[in-house]
There are 2 protein chains.
Amino acid sequence: MEGKKILIVDDEEDILEMLAYNFNKEGLRVSKAANGAEAIETAEKTRPDIILLDVMLPDMDGISVCETLRKKPAFKNTLILFLSARGEDYSQVAGYNAGADDYIVKPIRIKILMHKVKVLLDRVAVPAAESLTGISINPERFSISMNGKETIIPKKEFELLSLLMSVPHKVFRREEILNDVWGDTYIGDRTIDVHIRKLREKFGSDVIQTVKGVGYKFMG
Amino acid sequence: MEGKKILIVDDEEDILEMLAYNFNKEGLRVSKAANGAEAIETAEKTRPDIILLDVMLPDMDGISVCETLRKKPAFKNTLILFLSARGEDYSQVAGYNAGADDYIVKPIRIKILMHKVKVLLDRVAVPAAESLTGISINPERFSISMNGKETIIPKKEFELLSLLMSVPHKVFRREEILNDVWGDTYIGDRTIDVHIRKLREKFGSDVIQTVKGVGYKFMG
DNA sequence: GTCAATATTAATTTAATGTTAACCACAATT
DNA sequence: AATTGTGGTTAACATTAAATTAATATTGAC
């Protein structure tokens, strides 16, 4: 798990430092945040592989932070692990509903926590370096580079391509695409196709492959 | 997570039944075991995707069961989730060391447990055990790899081959195949043959063997 | 050798996706 | 304010891959 990035969010200075110290010692690149707004901002900036998120924060609660992040395609596959003092069920369930990958009840047993983080990080697919297609993505600029040439593409196209590229070769089901790119707004079936078509127009018809009856995949 | 296989191991009849009922309702294919020996035997037979394993069993403890399974290549990537009444750290750490993917402390909150199982099952990109035939299956990609070459195959063919490969060497009766792959939709007898043929065309005629009057088997 | 089961092949049907153009909302430009 | 441009969605229709069936040949158990 060396070299992976972790973001730790907790308003208690002591805990924050203790965790940061331990994970840093394990070779992770640690960033920190003490409240929800800061957490989202830092997450955008550092793109961590995993986020430890305290449920109770001074400004907004961790659940909301998690939900906010999960809406962005970039954080679709980021691991999020809740830390909480509350033992109540509803909180845990709410956490999982918000898209958590795990839930740890305080007081934190550092060994167990590190184990969980390790297990989770090990499982995550490696983000795949430069792709064979010569296509790479620039999240800050909403742009795509293809063999060095940079193209700015519309938001929806960008989100769709980001999603597909997040796990090259994985087949994303239409349903999954709808959820991740369009969320709650309901759109017709053909809308996805049209966006796929536009992407193929721009980057070649080989980069996205159709799996009939299932969905689409990016050919890393 | 529909269609995935779960093995539940617990010596308490009530808990076993309760869990089986709930997971069955969610569309998982459930098998059960009440002790360690039975657990290993059933695991071999059904090749579950995930195992819920009580730490305390009448014959051997769950940790040993887990270690035993993890030694076999077939279970290298099977998810194993411990259930335990003990709250002590050492037990949890021992669990993780034995190769557990998660650890739940009783009393079981069914909602939380189901969430964990769901998250785990969703995330796993089964790297697929290499078989003797050199054929392996990539569920995420809807593809089959044969000696390193990857082929995307149509949905029905994929489902059929997945089924046969789920328990190599087991003869699947036509009736069973109909149920698992086609569910409620009724199709003629020849349809199965045709799909088998297409698979043989793609991967060689040796990989699937006919057992006349009964069904087909994958030659793991 | 007979007969039922399966293999094979091609033809057909079905369902999913591709394509195009039109439309609307909204932002940018003059 | 009117005009133009851009992005997003939809609808109608075309196209294609996949699934199924149907017809015929072959196989293997008895």
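In what follows, chains carry the letters A, B, and so on, assigned in the order in which the sequence lines appear, proteins first and then strands, with residues in each chain numbered from 1. Note: hydrogens, waters and symmetry copies are ignored here, and every other heavy atom, side chains too, is used.
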Distance-minimising heavy-atom pair for Ile192(B) and Ile177(B): CD1-CG2, 4.2 Å
Minimum heavy-atom distance Lys5(B)-Thr46(B), with the two atoms named: NZ-O, 3.0 Å
At how many degrees, to 10°, do the end axes of the helix from dG1(C)-dC30(D) to dT30(C)-dA1(D) meet when each uses five pairs? 30°
Of the non-hydrogen atoms in Ala39(B) and Leu7(B), which two are nearest, and what is the gap between them? O-CD2, 3.6 Å
Any protein N or O atoms within reach of nucleotides 14-16 of chain C? Criterion: under 3.5 Å, listing atom names and distances.
residue	atom	partner	partner atom	Å
dA16(C)	O3'	Gly213(A)	N	3.3

Looking at Arg174(A), I want to see if its CZ is surrounded by more than 12 non-hydrogen atoms of other residues, nucleotides or ligands under 6.0 Å. yes
Do other residues, nucleotides or ligands put more than 12 heavy atoms under 6.0 Å from the NZ atom of Lys111(B)? no
Contacted region of DNA chain D by chain A, from 5' end to 3' end of the hits, cut-off under 4.0 Å to heavy atoms, spans dG7(D) to dA18(D)
Does the side chain of Glu150(A) come under 3.5 Å of the side chain of Ser143(A) through a donor N or O and an acceptor N or O? yes
Just by distance, do the side chain of Asn24(A) and the backbone of Ala20(A) share a donor-acceptor pair under 3.5 Å? no
For Lys155(A), does the NZ atom have more than 12 heavy-atom neighbours from other residues, nucleotides or ligands under 6.0 Å away? no
OP1 or OP2 of dA7(C) sitting under 4.0 Å from any side-chain N/O of Tyr216(B)? yes
Lys118(A) and Asp101(B) ion-paired at < 4.0 Å: no
Taking side chain to side chain donor-acceptor pair (under 3.5 Å) as the test, write out the residues that go with Glu201(B), two or more places apart. Arg197(B)
Between Asp59(B) and Ala37(B) (side chain of the first, backbone of the second, donor and acceptor by atom type, cut-off under 3.5 Å), is there such a pair? yes
Within 45 degrees of the ring normal and closer than 6.0 Å to the centroid, is that where the cationic atom of Lys170(B) sits relative to Phe172(B)? yes
Residues in contact with DNA chain C, drawn from residues 196-210 of chain B - heavy-atom cutoff 4.0 Å: Arg197(B), Arg200(B), Thr210(B)
Residue of the set Glu13(B), Glu17(B), Glu38(B) for which side chain to side chain donor-acceptor pair (under 3.5 Å) holds with Lys32(B): Glu17(B)
Take the protein atom CG of Asp189(A) and the nucleotide atom C1' of dG18(C), then report the distance between them rounded to whole Å. 13 Å
Ion pair present between Arg200(B) and Asp206(B), side-chain N to carboxylate O less than 4.0 angstrom? no
Over 60° means perpendicular and under 30° means parallel, so classify the ring planes of Phe142(A) and Phe158(A), tilted if in between. parallel
What does the list of N/O pairs under 3.5 Å between the protein and nucleotides 22-29 of chain C look like, with a distance for each?
none

